[in-house]
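A quick write-up on the structure given underneath.
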2 protein chains.
Amino acid sequence: MNAVTIKDVALAAGVSSATASRVLSGHSATSAESREKVEAAAKNLGFVPNAQARSLRSTKTDTIALLISDVRNPYFSDLAHAVEQQAHEAGMMTFIGNANEDTQQQDQFLAAMLSRRVDGLLVVPQGLDEDADHPSEMMQRIISSGTPMVFVDRTLPQLEIPSISASSASALDEAIGKLKALGHRHIAFLGGPAHASTARERHRAFDAALVSNGLETDQKLHFAGDFQAASGAQGARWLLAHELRPTAVIIADAPMAIGALTVWREAGIQVGPELSVIAFDEVDAMLMHHPPIATISHDLRAMGRAAVTALQSVMAGSEPEPQEFISQFTARASLAQAPEAAGA
Amino acid sequence: MNAVTIKDVALAAGVSSATASRVLSGHSATSAESREKVEAAAKNLGFVPNAQARSLRSTKTDTIALLISDVRNPYFSDLAHAVEQQAHEAGMMTFIGNANEDTQQQDQFLAAMLSRRVDGLLVVPQGLDEDADHPSEMMQRIISSGTPMVFVDRTLPQLEIPSISASSASALDEAIGKLKALGHRHIAFLGGPAHASTARERHRAFDAALVSNGLETDQKLHFAGDFQAASGAQGARWLLAHELRPTAVIIADAPMAIGALTVWREAGIQVGPELSVIAFDEVDAMLMHHPPIATISHDLRAMGRAAVTALQSVMAGSEPEPQEFISQFTARASLAQAPEAAGA
DNA sequence: TTGTACGCGTTATCAC
DNA sequence: GTGATAACGCGTACAA
């Protein structure tokens, strides 16, 4: 392994380790001569500073961690990409961790990051387990440790943590309005897990949009999934067997949409003419589908940037102003006249 | 910030820091009494061990890094997930980094990992830039630093680094055989960037499969993309304008396939009857497409596991046996009789 | 401008 | 079984 330390460099350059350190960290005054010698020696020996030791002294690591809830969800990998780019520009490394929609894995990652003393944490929080109405012990630890943390996408309402989130109210209002105009009366909702704040927000906004459009809410038209593809498939089958025969459906995220659309394709359902579909999160696959799927989405790159900026201000000791992004509704050919209306 | 150290715990427990350390790291013999006291104090104070300091002393970090070339490619996020799970079972953390198909970003991540003294590196290497026929300086550094490293998926043939890869020869042979039986004569190939070993392997195997099936190879039927969606879209347009009017196409990865299929949908091309399509990498979206897309894929979870195992044996000082996974061809409804043959 | 000496938090070594 | 102490690699106050 790499055993070349700053002492070796100093020795080779014929100076003290203090001088070598000064040169290598570009700090205070150093003579041109020793600068040259030290740099030559460092390059020659292939010196790589030990970040462990460095941050042990300086307590700064120039590293943030981003915990997402599912690496395989394109929504989150897009977010990860955006955060990474922004952090990179600010001179910080990003460690990406995957909670796998699981509180335990979330806490393990957080523990690892805490013990590695990252400068800040960007977290898509897993919700509370079942009964528990208080955040996990690990969350408490982080908070009491004072490590700067910002929630992204999801939030935990019990905690006073700055968060960057999105509001789908207006987009859903517009979407439902469009469906109503097309003659749809029974609109189903394939939702996410109640422990995720985004799932709750979308569900609430869906109900509110029905009301504001003069339609009735009906919890029998709500299917509770878990944001993963398999539950989307279940939801699709549930819809096909539904007594009210919904003619339109809104799906809470992209993996569920993909799962559902696969089932409908296998069942020979024609999306559009037979069933109008709107999905949350605009990922490439939604545009590949025939017909292309109408979406409700927001600017993930902007959200990623905002998250890093907010975290930076927390790290600097100031309170970031809360920011809420507004989701956009995009109509596409997956929306069509409701079958009854067309037949009439 | 968290300032509670092992000394504080020791003080509160009324023992020495050495004893506290022994208890907390579960090492050598400790009396039940002090164990109890220390554990209580640690929990009470919310003690989180400082991994920096620990690994400064022990030179072990129980951390590996995985560098993938594109977080947003579901193929790699699946791989990341598999690696993470396996490493987790072995008691190691995984830092995931994203090279973004860019040599510079790759090197930055590698430098950060090197200075953080990770125990080992799992790398999907970016190929050589254009002219350069030697690996990047950073790669050289890593090698001379002796940090255990294993290549996954892709490899750099110039370097003697253990690698876990896949062979698509037999799957492509089978696929081409199937296409030939369906009457296809002009088969196009939307390939990846030549700097990626997987792209070269797939291209070579494609040519070889044509030959072994008694068809002619024709470089005019090869489109050079870059594994990203936009180049798949370009390839799709290229194919539509092609003088030979290929009736079948094989696409080198999933993002390119999604990009291409989107273009063909917009152009009103019926996949199957008008154009037979086979895509590398089996991701959910391929099964959602109507008709479902035939795929050539391999067991990513197994590859991820194998990669971690190989890395562990390198870390232990032994040479891992090279491992090659065999890709599987799965025929689906995206394959149909060639139009000419059907029309005749 | 440079060198000496100390401390960051932890574990390993060695006495007891 | 436990406690003092040295050591890991680096940055920096202080003295020269």
Side-chain angles (χ1 to χ4, degrees), chain A residues 1-39 41-42 45-63 111-119 145 147, chain B residues 1-39 41-42 45-63 112 114-119 145 147:
Chain A
M1 285 293 292
N2 197 327
V4 42
T5 79
I6 202 169
K7 277 186 187 168
D8 302 321
V9 175
L11 194 67
V15 298
S16 77
S17 60
T19 304
S21 170
R22 282 188 275 257
V23 170
L24 293 171
S25 41
H27 254 328
S28 43
T30 46
S31 73
E33 188 190 9
S34 42
R35 218 177 307 146
E36 203 162 326
K37 285 193 294 185
V38 169
E39 275 163 4
L45 297 172
F47 171 70
V48 178
N50 186 328
Q52 319 266 359
R54 171 177 294 174
S55 60
L56 187 58
R57 267 248 24 141
S58 57
T59 64
K60 255 195 59 184
T61 58
D62 286 324
T63 301
M113 291 303 109
L114 209 52
S115 82
R116 273 180 186 74
R117 302 292 192 271
V118 293
D119 291 344
S145 83
T147 306
Chain B
M1 286 291 296
N2 196 328
V4 41
T5 79
I6 202 169
K7 277 185 187 173
D8 302 321
V9 175
L11 194 67
V15 298
S16 76
S17 60
T19 303
S21 170
R22 281 189 278 258
V23 170
L24 293 170
S25 39
H27 256 327
S28 42
T30 46
S31 73
E33 189 191 7
S34 43
R35 219 177 306 146
E36 205 162 325
K37 284 193 295 185
V38 169
E39 275 163 3
L45 296 172
F47 170 69
V48 179
N50 186 326
Q52 319 266 359
R54 170 179 298 180
S55 59
L56 183 58
R57 181 64 222 201
S58 61
T59 66
K60 259 194 59 184
T61 57
D62 288 323
T63 301
L114 211 51
S115 86
R116 273 182 184 71
R117 303 292 194 270
V118 293
D119 291 343
S145 83
T147 307

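Order of the sequence lines fixes the chain letters, A, B, ..., with proteins taken first and strands second; residue numbering starts at 1 for each chain.
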| task | Sorted by first residue and then second, give each side-chain hydrogen bond (donor to acceptor under 3.5 Å, both in side chains) pair with at least one member in residues 48-57 of chain A; sequence neighbours left out. | result |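 Matches after skipping sequence neighbours: A:Gln52-B:Ser55, A:Ser55-B:Gln52.
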With [X] via side-chain hydrogen bond (donor to acceptor under 3.5 Å, both in side chains) - residues at least two apart:
| X | result |
| --- | --- |
| B:Ser16 | B:Thr19 |
| B:Thr30 | B:Arg35 |
| A:Lys7 | none |
| A:Ser21 | none |

On DNA chain D, more 5' by nearest nucleotide between B:Thr59 and B:Glu33 is B:Glu33
The nucleotide from D:dG9, D:dC10, C:dT4 with an atom nearest the side chain of A:Ser16 is C:dT4
task: Ignoring the backbone of A:Phe47, work out which of D:dC10, D:dT2, C:dT2 is nearest its side chain.
output: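 So the nucleotide nearest the side chain must be D:dC10.
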Next item on the list: Identify, with sequence neighbours excluded, every residue that meets side-chain contact (heavy atoms from CB on, under 4.5 Å) alongside B:Glu36.
Entry: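 For B:Glu36 there are no side-chain contact (heavy atoms from CB on, under 4.5 Å) partners, ignoring immediate neighbours.
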side-chain contact (heavy atoms from CB on, under 4.5 Å) filter on A:Ser31, not counting sequence neighbours, yields A:Glu33, A:Ser34
To the nearest Å, give me how far apart [atom1] ([X]) and [atom2] ([N]) are.
| X | N | atom1 | atom2 | result |
| --- | --- | --- | --- | --- |
| B:Arg116 | D:dG9 | CZ | C1' | 15 Å |
| A:Lys7 | C:dT4 | NZ | C1' | 12 Å |
| A:Asp8 | D:dC10 | CG | C1' | 13 Å |
| A:Leu56 | C:dC8 | CG | P | 9 Å |
| B:Arg35 | D:dG1 | CZ | P | 10 Å |
| A:Asp62 | D:dC10 | CG | P | 16 Å |
| B:Gln52 | C:dT10 | CD | C1' | 12 Å |

What nucleic acid atoms does B:Ser55 come within less than 4.0 Å of, heavy atoms only: base, sugar-phosphate, or nothing?
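Nothing, no nucleic acid heavy atom in range.
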Heavy-atom contacts, protein to nucleotides 11-16 of chain C, under 4.0 Å, summarised as B (base), S (sugar-phosphate only) or - (none) per nt, yield BBB---
Quiz prompt | Side-chain donor-acceptor contact under 3.5 Å, B:Arg116 with A:Thr63 | solution = yes
Problem set entry | Phosphate-side-chain proximity, B:Thr5 and C:dC8, N/O vs OP1/OP2 below 4.0 Å | no
- Message: Tell me whether the side-chain N/O atoms of A:Thr19 come closer than 4.0 Å to OP1 or OP2 in C:dT1.
- Response: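 Result: no.
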Axis-to-axis angle for the helix from C:dT1-D:dA16 to C:dC16-D:dG1, ends of five pairs each, to 10°, equals 40°
Could you tell me if the side chain of A:Asp8 sits less than 4.5 Å from the side chain of A:Thr5, heavy atoms only?
yes
